[in-house]
Amino acid sequence: MALIVQKFGGSSVADAQRVMNVARIVTETYKQGNDVVVVVSAQGDTTDDLIEKAKEINPNAKTREMDQLLAAGEQISISLLAMAIEGLGFPVISLLGWQAGFNTNSVYGSARIKNIRTNRLQAELAKHNIVVVAGFQGINRYDDLTTLGRGGSDTSAVAIAAALHADKCQIFTDVEGVYTADPRKVEGAQKLDEITYDEMLELATLGAQVLNNRSVEMAKKYSVELEVLSSLNPVPGTIVKEKIKMEKMLIRGVTKDTDVALISVVGVDDNPGVAFKIFSKLAHKNINVDIILQSVGRTGTKDVTFTVSKDNGPIAVEAIRELPQLEDKEIKCKTDVAKVSIVGAGMESHPGTASKMFEALYEQNINIQMISTSEIKISVIIDEAEANRAVNAVHNAFLPND
Ligand code: ASP
Ligand code: MG
């Protein structure tokens with residue numbers, strides 16, 4: 001007998017039929033003699049719809065009230081799923097985040113889990129109940145509801161698996177696993193049998209939608225082995241773990257992220273401290289900067305270029321304008337750009353990887369505006385209109401479609 005945590009995303013519980021389908025998967029696992037904890041997200045687009053509702057009433061609502069609202073989405077899905085499981089004749093109880101012991105900090109809208117008091121969970125499992133837990137939510141030290149940030153139910157599931165030392169954490173979704181590229185957009189995208197935490201973390205951060213990156217971080221930290229699999233099609237999924245068997249695969253995936261704004265500060269003085277001033281200002285405003293490029297100084301000036309998320313583009317421009325030394329400088333903000341990346345632990349030991357990627361883009365006559373690399377990834381910034389073509393060309397260069 002094992003303890004299994006199963007997580008189902010919003011699309012897997014979108015309507016009554018899908019909820020029944022999940023109830024069948026869960027009870028099947030229970031019937032095999034396992035203890036089962038199920039974590040669910042809000043149904044379908046519920047969270048987006050709730051956000052829209054709030055905007056109609058007050059676009060600047062306090063984050064505390066937003067969390068109070070958004071937590072309701074998961075409350076609906078846990079109770080409905082519990083009713084479905086009960087209808088199939090199995091013992092079940094649904095728990096909200098706070099009832100399941102999720103203690104978080106007080107950063108409403110993107111709270112971090114501090115710990116999980118597992119007594120209630122354990123007591124319910126001891127009674128042989130299937131335990132259905134609301135993902136994405138917890139409670140802070142003021143007894144107020146908090147949410148973990150969009151896509152946070154993955155993190156809830158991994159946290160429970162870690163806290164209960166579960167034997168398995170299965171993340172059910174509407175695709176069959178982790179693919180080498182978005183299978184809807186790239187012909188020949190392949191499902192991976194296995195992937196390392198580090199590779200998955202890069203893919204998740206670079207725009208692959210399948211797992212939330214915080215959940216992967218946590219899985220790595222607590223060595224929780226994950227399986228990503230389909231709730232609609234019962235075939236083996238993708239295992240995410242520390243070490244995987246060596247395969248002759250140079251890269252594991254190609255991603256596209258269109259949530260990018262490219263900002264250039266043109267003709268700043270070529271003196272010490274300019275980069276410091278710009279980026280400390282941005283840090284102060286809580287703006288995450290991704291790729292940074294500084295041109296070589298010529299005739300006493302240089303350009304500083306960097307990327308942020310699209311939302312943060314105008315905020316970043318305004319923040320820089322507030323710097324007295326830079327008020328009269330030209331600041332450009334381009335939002336029609338995308339980041340295309342390749343990820344793979346194999347590239348660490350293969351010197352030709354970058355040139356192969358650049359060649360594939362060159363053959364498509366796609367201009368690279370910025371490049372950034374780490375041990376296991378290479379990213380380029382290009383025109384957004386060329387992004388799909390770029391992903392296909394790069395995928396085909398590394399993982400030929402035959
Ligand atoms: N329902 C939340 C969201 O849509 C959490 C989740 O889906 O994981 O972001
Ligand atoms: Mg959702």
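We count ligands from 1, going down the list as the structure has it; atoms in each ligand are counted the same way.
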Point to revise | Contact with ligand 1 for G73, non-hydrogen, under 4.0 angstrom | key: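 No, G73 has no heavy atoms under 4.0 Å from ligand 1.
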
Point to revise | Heavy atom of G10, distance to ligand 1 below 4.0 Å | key: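 Under 4.0 Å: no for G10.
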
Check your understanding: Any N or O on R150 sitting closer than 3.5 Å to an N or O of ligand 1?
Key ->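 Yes; at least one N/O pair falls below 3.5 Å.
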
Exercise for review: Please determine if S153 has a nitrogen or oxygen closer than 3.5 Å to a nitrogen or oxygen of ligand 1.
Suggested key: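 Yes - when backbone and side-chain N and O of S153 are compared with those of ligand 1, one distance drops under 3.5 Å.
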
What is the minimum heavy-atom distance between [X] and [Y], and which atoms define it?
{"X": "I292", "Y": "M370", "answer": "C-CE, 4.1 Å"}
{"X": "K329", "Y": "R321", "answer": "O-NH1, 3.8 Å"}
{"X": "V178", "Y": "T238", "answer": "N-OG1, 2.8 Å"}

Review point. Counting heavy atoms only, which of G9, G149, S77, S41 comes nearest to atom 7 (O) of ligand 1?
Key: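 Going through G9, G149, S77, S41 one by one, S41 has the nearest heavy atom to atom 7 (O) of ligand 1.
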
Review point. Testing N212, V5, V39 for side-chain contact (heavy atoms from CB on, under 4.5 Å) with S156, which one passes?
Key: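 Only one of N212, V5, V39 forms a side-chain contact (heavy atoms from CB on, under 4.5 Å) with S156, namely V39.
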
Exercise for review: Determine the sole option in V37, D35, I116, V131 for which the side-chain contact (heavy atoms from CB on, under 4.5 Å) test with L164 is passed.
Suggested key: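 For L164, the side-chain contact (heavy atoms from CB on, under 4.5 Å) test succeeds with only one of V37, D35, I116, V131, which is V37.
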
Review point. Counting from 1, what ligand 1 atoms have a heavy atom of G151 closer than 4.0 Å?
Key: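 This gives 3 (C), 5 (C), 6 (C), 8 (O), 9 (O) as the contact atoms.
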
